[in-house]
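Atoms within a ligand are numbered from 1 in the order they appear, just like the ligands themselves.
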Amino acid sequence: MPITFDAQHNTFKLDTVSSSYIIKIYEEGYLLNLYYGAPIPDAYVPHREKRWPSASFSLANPRIGENGFTPDTTPMEYGCNGAADFRISALAVRNANGDSVTDIRYTGHKITAGKPEIPGMPSSYAADGEAETLEIYTLDAVTGVKVTLYYTVFAASGVMTRRVRVENAGAAACELERALSLCVDLPCMDYDLITLHGRHNRERYMERRPLAHGLQGVESKRGVSSHSQNPFAALAARGATEEYGEVYAFNFVYSGNFSALAECDHNATTRFVMGINPTDFGWHLEPGEFFDAPEVLMVYTNEGLGGMSRCFHRFCNEHIIRGRWKNEKRPLLINSWEAAYFDFDTDKLVAFAHEAKQLGIELLVMDDGWFGVRNSDNCSLGDWYVNEDKLPGGLAPLIERVNAEGLKFGIWYEPEMISPDSDLYRAHPDWCVHVAGREPMQGRRQYVLDVSRADVRDNIWQQMYAVLSTNKIDYIKWDFNRNISDAGSALLPPERKKEFFHRFILGTYDLMNRLVTTFPDILFENCSGGGGRFDPAMLCYSPQIWTSDNTDPIERLPIQFGTSLCYPASVMGAHVSACPRTGFATRGNVAMWGTFGYELDPRKLTAEERETAKAQVAEYHASYDLIRRGDLYRLISPFEDPHRAVWEIVSPEKDRAMLTLVTMRRQLHAHLIVRLRGLDPARCYKNETTGEICSGALLMNAGIVLSGIAENDGESVTVYFTAVE
Ligand code: GLA
């Protein structure tokens, strides 16, 4: 049983294959966080309950204070504001009196098989027998606010999820000032905080810093999970490496503003919290109303960052990605954006399709520029009807001709935006996100559409439905090309104005949910100026996300290495483009570690490039399962080595592996031996390039020599290994 209750010690124990987690119901109903770490058989950790670390001026509950118990230095399960726990709090509720003292105590619990959904919000899912859920019920006796703490244990995957529901069961309205999804108290501060920072064209660079006393962390206030910081954070033991050492990792299933903060206190313990960013957040709860906070995925491993990533990857593929394209082979696509930008018409797209077919490509995506009068990025968002100057007769004749060439057809949308120069804006200027009396800021000469409003969503949905229900569309790229400022909705009353950011995200989820349930066969790729909304929540709708607008294969290396910290290759949009920095082969080798596709004018390829492309397409088919289901090993990281990057993917059955080396900068006289990982030491493997056969043990311990291979700037090589019986 992954979740057990120990009546003797009043503890809950939550076990996965790689972790144990213990919660204690203490005197007066306080919930303590006794343990999170490697699996232990015990249901109780005495020193975490009784030997409270001392602190200066700590305050006590008068009824049990003589024990030495103080919320200030105790590992609390869900730290609340204002009742003597002075560390960063997960919950603050302002009551009708105007104070924000919040103090929840245990009232009951329930353990059930499976995993309940969160109404209106994406979350991970479990098939029968894959998960158990613990609900712990608590009450703030003064306000009558009830808080339910949810824990789902996916025992076989090593992952737990957490979230909370706050319900106003009192007699008066109250205001939720913060409602974070997770709080974890760890007994020391010997950790490095690892996060993924970036910007447009340089997403998810890994950053590692030692924890220090006080508060530290990352957040987004941009209305989206953002390019700037990904909603991921890990606490890695000081010496933890790629393959060894303890790591606690957290990934937020949410696409809006977030906080991921660690606080180290005077006793050198660490509290980590994650949830919706309390800045610009508030939620008004009338009696009887409730608020659901989004879910956090939690991983503990003692197999270093590589172990953490492999755990997230398997979980994402099994419990986040859903629908037809979870397991079905996805078509190999070519996208028109870098090939044509806004300059295309039916004939040009059909010519792309014709050439692409010769290479073995299966789907043509018509990117931005097909609607309204959009010939540049300064107009027409919101006018989702076909530009017949470019596409005479509409989409149907184009799609027929593309299909006749043997390709499927995909299309681009940016549904949550509105251009000031659009028919929609002229008809409904109040539909853009804005606040009274201020002129809203523009980004890429566009405003954000207020999709927190049902009437606005219905309009956009009707426009999309008109196109999608009457045309054979196989793929949609859903874009979002600016951040949100001037946050407000004309329909929200003053006491609910701070709900806007979250309501906006709920509106987006509603639209996406309509799309995937009405058109379950459409393959959906998320995008936000590249990877500005690359988060597990988006992956609940869209099985792949465009990783970055930067398609330079050398600059892609840190982007893909960073992204791979928590997201699998199956979701990382990666294309071969016309970037001249390296040869065609290296562009293919880098894009192969992702969804793989093309983003160039296929008519302009040289004869040699065409042959290389055909070989890449063949390799894509041959290694499709290996790359999507395999275990990733980052052998040499571009964050650590200025000269090269090396990664390896091993099939779950350990019968196939691929190893790719990309040289970023030539290193004279380098002697390079790379030791493989993840193979079966007892089996023999054939190097498909050299024909050599040797044991997995040899490949992992003695390694292979890569000196003299692909050693010039921009060169690369992929070597396959196959188990021989
Ligand atoms: C964003 C995307 C690009 C492309 C353009 C179109 O920047 O990331 O791939 O779709 O929008 O305007």
Strictly under 6.0 Å, is that where the ring centroids of [X] and [Y] end up?
X	Y	answer
W370	Y385	no
W337	F342	yes
F250	F232	no

Between the side chains of W325 and Q544, is a donor N or O closer than 3.5 angstrom to an acceptor N or O?
->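 No - no donor-acceptor pair under 3.5 Å links their side chains.
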
Flag for E405-H354: side-chain donor and acceptor within less than 3.5 Å |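 There is such a pair between these side chains.
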
Under 4.0 Å from a heavy atom of [X]: which atoms of ligand 1 are those, numbered in the order shown and with their elements?
X	value
D368	6 (C), 12 (O)
G530	8 (O)
W546	8 (O), 9 (O)
G529	1 (C), 7 (O), 8 (O)

Short N/O distance, under 3.5 Å, between [X] and ligand 1?
X	value
D479	yes
C527	no
K477	yes
W412	yes
W337	no

Mark the output for R444 as yes if a heavy-atom distance to ligand 1 is under 4.0 Å, and as no if none is.
->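 For ligand 1, residue contact (heavy atoms, under 4.0 Å) with R444 is present.
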
Among the heavy atoms of N481, does any lie under 4.0 Å from an atom of ligand 1?
->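 Yes.
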
Heavy-atom count around E608 CD within 6.0 Å, excluding the residue itself: above 12?
->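 Incorrect, the count does not exceed 12.
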
Aromatic plane relationship, W478 with F524 - under 30° parallel, 30 to 60° tilted, over 60° perpendicular =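 Aromatic pair F524/W478 classed tilted.
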
Do D345 and K390 pass the salt bridge (charged side-chain N to carboxylate O under 4.0 Å, His left out) test, and can you show the C-alpha distance, the side-chain angles, and the key distance before you say yes or no?
-> CA-CA 4 Å; D345 58 18; K390 288 182 181 176; over 6 Å; no

Identity and separation of the nearest protein heavy atom to atom 10 (O) of ligand 1 |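 Minimum-distance protein heavy atom for atom 10 (O) of ligand 1 reads D367 OD1, 2.6 Å.
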
Can you pull out the closest protein heavy atom to atom 8 (O) of ligand 1? Residue, atom name and distance to 0.1 Å, please.
->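 The closest one turns out to be D549 OD1, 2.5 Å.
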
Partner of S716 under side chain to side chain donor-acceptor pair (under 3.5 Å), chosen from T582, T663, T660, N589 |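 That would be N589; it is the only one of T582, T663, T660, N589 passing the side chain to side chain donor-acceptor pair (under 3.5 Å) with S716.
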
